[in-house]
Amino acid sequence: MGSTWIQGYSLGRTWRQASGVLHRAPAMAGDGGRREFLVLFAHHNMYFNMRFQELEAVAHLVANISRAELYVEAPPCALSASPLVRVRLSEAEARKICERAVLVKAVLEVWSLGRSCAEAVEAALGQGPEARRQRRAFLAPPLKLQIRVEAFGRTLTLEEKGETMEMLRPLFEGDEVVDLKAPETNLWVLEEHRHECEEKTHLGPRKSVAERVFIGRQVAGGRSVDKKIKGGEKAYFQRYDLSQRAVLGPTTLENELAFLMANCACVQSGQMGMDPFCGTGGILVALAHFGARLYGGEIDIRVVRGWRIAYTKNKAAVLDAAKKRGLDLTEPAEPAAAPAETGSTSTRTDSWSLQYLLDIGLPAEVKKVKQVNPNARAEKDHRLTSAGGCNIFTNFVQYGLPSPEVVVCDNAMPPWRPVPGGWLDFIVTDPPYGVRAGAKKQGREGKAVVVQDISSYIPSKVSYGEDELSEDLLGFAAASLKDRGRIVFLVPVDLADFLGIDRAAAEQGVEDGSRPNLHDICHPKSGRKKDPRLCISETTRDPLLLDEARYVDFIPRHADLELLGASLQVLSGGLGRLLVTMRRLPR
Amino acid sequence: MRLMTHNVLQCNKKGVQNGFPLIIKATSMKYEETPFDKSFVSAMIPKIEYHALLKAVSEVQQCPNIAGMDKLGSLPVLPLAMPANPDEDEDFLRRLHTVLFDLSMLEGELVCPESGRVFPVNDGIPNMLLNDDEV
C-alpha cells in the first residue's frame, strides 16, 4: 500500500509507520511511558467545538503536557469536524483525562486502521504474530469482552453493526467470551465518514462510505461509556444536573458547561478562586466539586439571599438541605394542604414575571415597586424562603460541598485589596452582558437624591456596557491572579458580524447608523425582518463562523494576559458565545 | 465571612486612600472546624497582611456571641510578629488556619478606618455596595 492511502494525515507519514510504534515498549525515560492513543470525543450538541480547548487544559492539569507535546499530528484547529484526535500520553494519564474531561468519551489504543473495516482487519493481521500475541493478552479467557461499533457522519443500522462485527472474526481464536454487562476489554470499531452537510437527513447520508476505520481497545472510558458498568451514574457531573438542583437563578449556567469551564481553568484541590458574577453559584458548585476554596461576588443581593428572583424546582432538596443545616422547619400556621405542584408553579410564575421586567430593561424605580420587602411578604411556603434556608448556600449543603465566601459587590468597583503577586489561582465566570440578565453597576443617572434612611436604601444602578465590563473584569484578573493563573469566561458574539451582515440595516432600519446592542438583537422589535442567513444551525460546521481567525477580534484583551484558547458555541437567533481561556503572564 | 476574606477586603469609596483593614464590629460569629491543610495554609502566608489579621483577632474578641466557642475553648493566640520560618512551624500554622478559615462573622458591621463608612454583614454575607454618590 502506498504512502498516501489515507487522506487526512498531514504529516506525510503513513499510519502503518506510526502504528509500528504502538506496541513497542516505552523507550524514552522521563516521559512516563507515553505512547500514542486515540481520543474519542462525545458528539455534544452544544459544546462540541470546545473539545480541544478542554482536552488541552485537562492534559496540562493531569499530565503537565503542553499543547505541542500532546498531539501526534499538527494541533487541530477549530474547523476540524472529527470527533477523533491522536495524542501521546501514558496509560495512567489517559485514564485521569477520561475521569475529568466533560467532552472526552473514551481513549483508545489503536490496533489498526484502514479505509474500510475489511482493510483494517487485514492491516491488523498483517502486523504479524507478535502483535497478535499482544492483542490476545486482552482477549483470551478468562477475560470477557464486548465490541462497540460506532460511526460518525452517518447512522449505522443494527444489521450493519452485525456485519461489521462478523468481519472482525479473523482477529479472534474462537474461544473468547463476550459479556456485555461487565467486560474487561472493550473493543471499538470506529467508522469516520465525511461530514456531509448538504445531503444530511436525520439519519445521515446512508450511502456514504467510510473514510477511515479504526479498530482499537478502550484504555479508559469517560462520560456515558461505562454507565452500564458503573451502576447508573453516567458521569460525575450528572449528579449536579440543574433539574435536581435546590436553588436556581434566572440564568444559572448549565452544569456541563460549568464543569467544562472548571476544567479549562485547571481547577484543583487546594486552590483559591473566584467567580465575580456568581449569581446563585452555578459555577461555584462546579469549582467546589474539585476542592477549591472559593469567593463569589454578586451585585444583586436578592439572588444571593434567594429572595424572589431565585427559585426552586426541587423542593425536597431544599427542605433536605435546610434540615442538614439544623434550621427550624415548623409548618406555617395556615393549613399547608395545597399540593406541592401548585406552590412551586406560582413561585415560578412570579419569578418569570420579574425576570421579564428585568429583561425588558425597566428602570430601577419600576423594579423597586415590584421588589417587595422579603420579610414582610413571605412566600406561600415559608420553608422555601431565605429564612428557611433557600439561598446561595443551599446548593452547597445539598451537594455536601464546603460553602464559598460570598460578598455583595460591584465588578466596576471591586472591594478587594491589591495583593502583590496576586492571590487567586483562577477566575471562572459567566458575566452578564445584558443579553439574558441585565448587566448593572452602581451609579445614578440624572441628579443625585438625598438619602433619608441609609439602612433601607437600595442604591440605584445603571446599565453596564459590554466593553466596560470586560475591561474591568480583565483588569481585575490581571491584578489579582497569581502568575500563570487562569481566567475562563464567556463572551457573547453576534454572528452577523462574522458573516459580514449589517444587522442594523437588515433588521432595525438604519435610524442613526449605530450598531444595535446585544440586548436589542435578542429582544427585537416586533415585525422585524428575519435575515435567512442568520437562521444558523447550532451544530453548523460553516467555516465562515468556526474559523478561529473570525472571532479573535471579538475577544477582549489585556497586556498582562495571554490568550490560551477560545471556541465558539452557536446559539439560536444568529448569536453565539465564546468560551475564552486566558493565562496571567509572569510578573 | 471568614477572617481570610476580611483580610482581602477594603473600602473602595471614592476618595478613600487607605480603606484597609476594615474595623470589625461583630454582633454574632461562628466557630466551625474545617480540615487543616498544611500546604494550603502556608501558601496563604504571602497573601495575608499579618498586622491586619492581629487587629481583626483583637476585634473579634469583643464579639459577645461566638457560636461553637465551647468546642474551641479560647481564641488562638497569634505571635505579635510572624515567626521566622512559618512554613515549618506547624503549631503556628494550625492557629493561623483556625483564625483564617474556622472563624466567621455572621452579623455585624465593617467600618472603613478612614471615612467611617459602614458596610453591613448579614447572614455571613458582607454588603460592599456603595451608594450612587460614593462611586
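In what follows, chains are A, B, ... by sequence order, proteins preceding strands, each numbered from 1. No experiment lies behind these values; they were computed from the predicted model shown.
- Per-residue heavy-atom pair counts under 4.5 Å with chain A were compared for B/Met4, B/Gln10, B/Lys13, and the maximum is reached by B/Gln10.
- Only the backbone of B/Ile48 comes within less than 4.5 Å of a heavy atom in chain A; its side chain stays farther off.
- Heavy atoms of A/Val406 lying under 4.5 Å from chain B belong to its backbone as well as its side chain.
- When heavy atoms are compared at a cutoff of 4.5 Å, A/Pro402 does not approach chain B at all.
- In this structure, a donor-acceptor pair under 3.5 Å is present between the side chains of A/Arg417 and B/Asn7.
- Within the 4.5 angstrom heavy-atom criterion, only side-chain atoms of B/Met44, from C-beta onward, approach chain A.
- Without hydrogens or angle criteria, A/Thr280 side chain to A/Gly249 main chain gives a donor-acceptor distance under 3.5 Å.
- A donor and an acceptor atom, one from each side chain of A/Glu405 and B/Thr5, are located under 3.5 Å apart.
- Ion pairing of B/Lys71 with B/Glu33 is absent here, as no side-chain N (NZ or NE/NH1/NH2) approaches a carboxylate O to less than 4.0 Å.
- With ring centers used as reference points, B/Phe36 lies 6.0 Å or more from B/Phe101.
- Aromatic rings of B/Phe20 and A/Trp416 (six-membered ring for Trp) have centroids beyond the 6.0 Å cut-off, not under it.
- With chain A as the partner, the residue from B/Val121, B/Asn127, B/Val8 showing the most heavy-atom pairs under 4.5 Å is B/Val8.
- In this structure, the portion of A/Gln271 lying under 4.5 Å from any heavy atom of chain B is its backbone and not its side chain.
- Looking at B/Phe119, there are no atoms closer than 4.5 Å to chain A (heavy atoms on both sides), in backbone or side chain.
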